[in-house]
2 protein chains.
Amino acid sequence: MSGKIATAKEQFRQFITEKGLKSTSQREDIADIFFKTTTHVSLEELLKKVRRKNSRVGYATVYRTMRLLAECDLAFERQFGDGQTRYEHLIDDSHHDHLICIKCGAIAEFSNQTIEALQKRIAEEMGFSVTNHKMELYGHCAKCQ
Amino acid sequence: MSGKIATAKEQFRQFITEKGLKSTSQREDIADIFFKTTTHVSLEELLKKVRRKNSRVGYATVYRTMRLLAECDLAFERQFGDGQTRYEHLIDDSHHDHLICIKCGAIAEFSNQTIEALQKRIAEEMGFSVTNHKMELYGHCAKCQ
DNA sequence: CTTACTGCAAAATCTTTGCAACATC
DNA sequence: GATGTTGCAAAGATTTTGCAGTAAG
C-alpha cells in the first residue's frame with residue numbers, strides 16, 4: 001500500500017537508459033500493452049494489439065522490444081509445443097507455473113512454494129544458482145477426461 | 001534382474017503393428033540409435049548419427065519416425081529455448097528434469113520424488129490428470145558463476 | 001549532429017507436406 | 001498386388017537481419 005516500488009514501465013525505462021539506448025514511442029506502446037496483457041501472448045497476437053493503438057508498428061520492432069524486455073527479466077519466454085514462442089510477465093502477480101490440457105489446449109496456472117524451495121535447494125546442491133524456471137504439467141483437464 | 005520387460009525396441013515394434021503400420025529398416029535404425037543416445041538430440045544431430053550407419057536416410061524420415069516415437073511415449077519433445085526441438089527417452093533411466101546454464105549451455109539432470117508427488121497432487125486438486133511434465137531450472141552452473 | 005531505432009522486405013531457420021519410386025505385408 | 005514408407009524438393013511457418021530513412025539524446 002505504501003513503499004515506492006518501481007513499476008514495470010519505470011524499470012524498463014531505467015534499463016533502456018542504463019544501456020545507453022533510446023526511449024521511443026513504439027517501445028513505450030509495446031511494453032505498455034504487454035504489461036497489461038494477462039495471457040501468454042505470441043508476437044503475432046501482441047503485434048495485433050499494439051496496432052490497434054498505433055497502426056504503423058512493425059513485427060520486427062515488437063520482436064526486438066520483447067527481446068529487450070526478456071533481457072531485463074520483465075518478460076519471460078514460454079514454449080508450449082505449438083511452434084509459437086509466447087511471452088508472459090509477472091507484474092502484479094507472483095511467479096506461477098502451468099497446467100496444460102493436451103486435448104483442448106486449456107492452460108491453468110498454479111504456484112507452490114514448497115516446490116520452489118525444493119528446486120532451489122536441488123540446484124544449489126548441484127552447484128547451480130537458479131534465476132528462472134519453467135514447470136509445465138501436461139495432461140487432461142476436468143472437462144476432457 | 002529377472003521379469004520379462006519389453007525393450008523399447010519391442011514396444012516400438014508392437015506399436016507399429018497395432019497401428020497397422022509397417023516396420024522398415026529406416027525406422028529400426030533411427031529408433032535404435034535414438035535409444036542408444038543419452039543426450040537431448042535434435043533432429044539434425046540424430047540424422048547425422050543415423051547417416052553414419054545408413055547414409056541414405058532423409059531428414060523427413062527421421063522427423064516422421066520421431067513423431068511416431070513421441071506418439072507412443074517412447075520419445076519426449078523438449079524445447080530449451082534455442083530454436084531447436086530436442087528429443088529424449090527414459091530408457092534405463094527414470095524420469096528426470098533439467099538444469100540449464102544460461103551462460104555456457106551446460107545441461108545437468110536431476111530428479112526428485114517429492115516434487116513429482118507434489119505436482120501430481122496439485123494437478124489433481126485442479127481437476128487435471130497429469131501424463132507428462134517438463135521442469136527446467138535456468139541459471140548459472142558452478143563454472144559460470 | 002551523432003547514434004540508435006523503425007519498418008519493410010529479404011534471408012535464414014526449422015518444421016511439414018506432396019509425390020513418384022520403392023519396400024512391406 | 002495393395003497400401004504404407006522413403007527421400008527429395010518444395011512449401012510453410014517463424015524468427016532474424018540488412019538497410020535506408022527517421023527520430024531521440
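Labels below follow one simple rule: chain letters A, B, ... track the order of the sequence lines, proteins then strands, and each chain is numbered from 1.
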(message) How many whole angstroms separate atom CD of Gln79(A) from atom P of dA13(D)?
(response) 18 Å

(request) Walk along DNA chain C from 5' to 3' and tell me the first and last nucleotide with an atom closer than 4.0 Å to a non-hydrogen atom of chain A. (result) dT3(C) to dC8(C)

(request) Could you state the atom-to-atom distance from CD of Gln26(A) to C1' of dG21(D) in whole Å? (result) 13 Å

(request) Can you tell me the distance, in whole Å, between the OH atom of Tyr63(B) and the P atom of dA10(D)? (result) 19 Å

(request) Could you point out which residue of Arg52(A), Arg86(A), Arg51(A) forms a salt bridge (charged side-chain N to carboxylate O under 4.0 Å, His left out) with Glu45(A)? (result) Arg86(A)

(message) I want to confirm an ordering. Mapping Ala60(B) and Ser25(B) to their closest nucleotides on DNA chain C, which one lands closer to the 5' end?
(response) Ala60(B)

(request) Assign each of Asn54(B) and Lys22(B) to its nearest nucleotide of DNA chain D by heavy atoms, then name whichever residue's nucleotide is nearer the 5' end. (result) Lys22(B)

(request) For Thr24(A) and for Ser23(B), locate the closest nucleotide of DNA chain C by heavy-atom distance; then report the residue assigned to the nucleotide nearer the 5' terminus. (result) Thr24(A)

(message) Whole angstroms only, please: what is the CG-P distance between Leu47(A) and dT14(D)?
(response) 13 Å

(message) For Arg13(A), is there an ion pair with Glu28(A) - N to carboxylate O distance below 4.0 angstrom?
(response) yes

(message) Please confirm whether the ring centroid of Phe76(B) lies under 6.0 Å from the ring centroid of His89(B).
(response) no

(message) Can you tell whether the side chains of Glu77(B) and Lys134(B) come within less than 4.0 Å, N to carboxylate O?
(response) no

(request) State, without any angle test, whether His133(B) and Gln119(B) hold a side-chain donor-acceptor pair at a distance under 3.5 Å. (result) yes

(request) Can you tell me the distance, in whole Å, between the CD1 atom of Ile30(B) and the C1' atom of dG7(D)? (result) 11 Å

(request) Let me know the distance between CG of Leu46(A) and P of dT15(D), rounded to the nearest Å. (result) 12 Å

(request) Please confirm whether His98(B) and Phe80(B) have ring centers closer than 6.0 angstrom. (result) yes

(message) Check whether Ser23(B) reaches the backbone of Ile16(B) with its side chain - one donor and one acceptor, N or O, closer than 3.5 Å.
(response) no

(request) Report the nucleotide, chosen from dT14(D), dG7(D), dT15(D), that has the shortest atom-to-atom distance to any side-chain atom of Tyr59(A). (result) dT15(D)

(message) Given the structure, check if the side chain of Arg64(B) and the base of dG7(D) hold any donor-acceptor pair shorter than 3.5 Å.
(response) yes

(message) What is the separation between atom CE on Met66(B) and atom C1' on dT6(D), rounded to the nearest whole Å?
(response) 17 Å

(message) Applying a 4.0 Å non-hydrogen cut-off, can you work out what Glu44(B) is touching in the nucleic acid: base, sugar-phosphate, or nothing?
(response) nothing

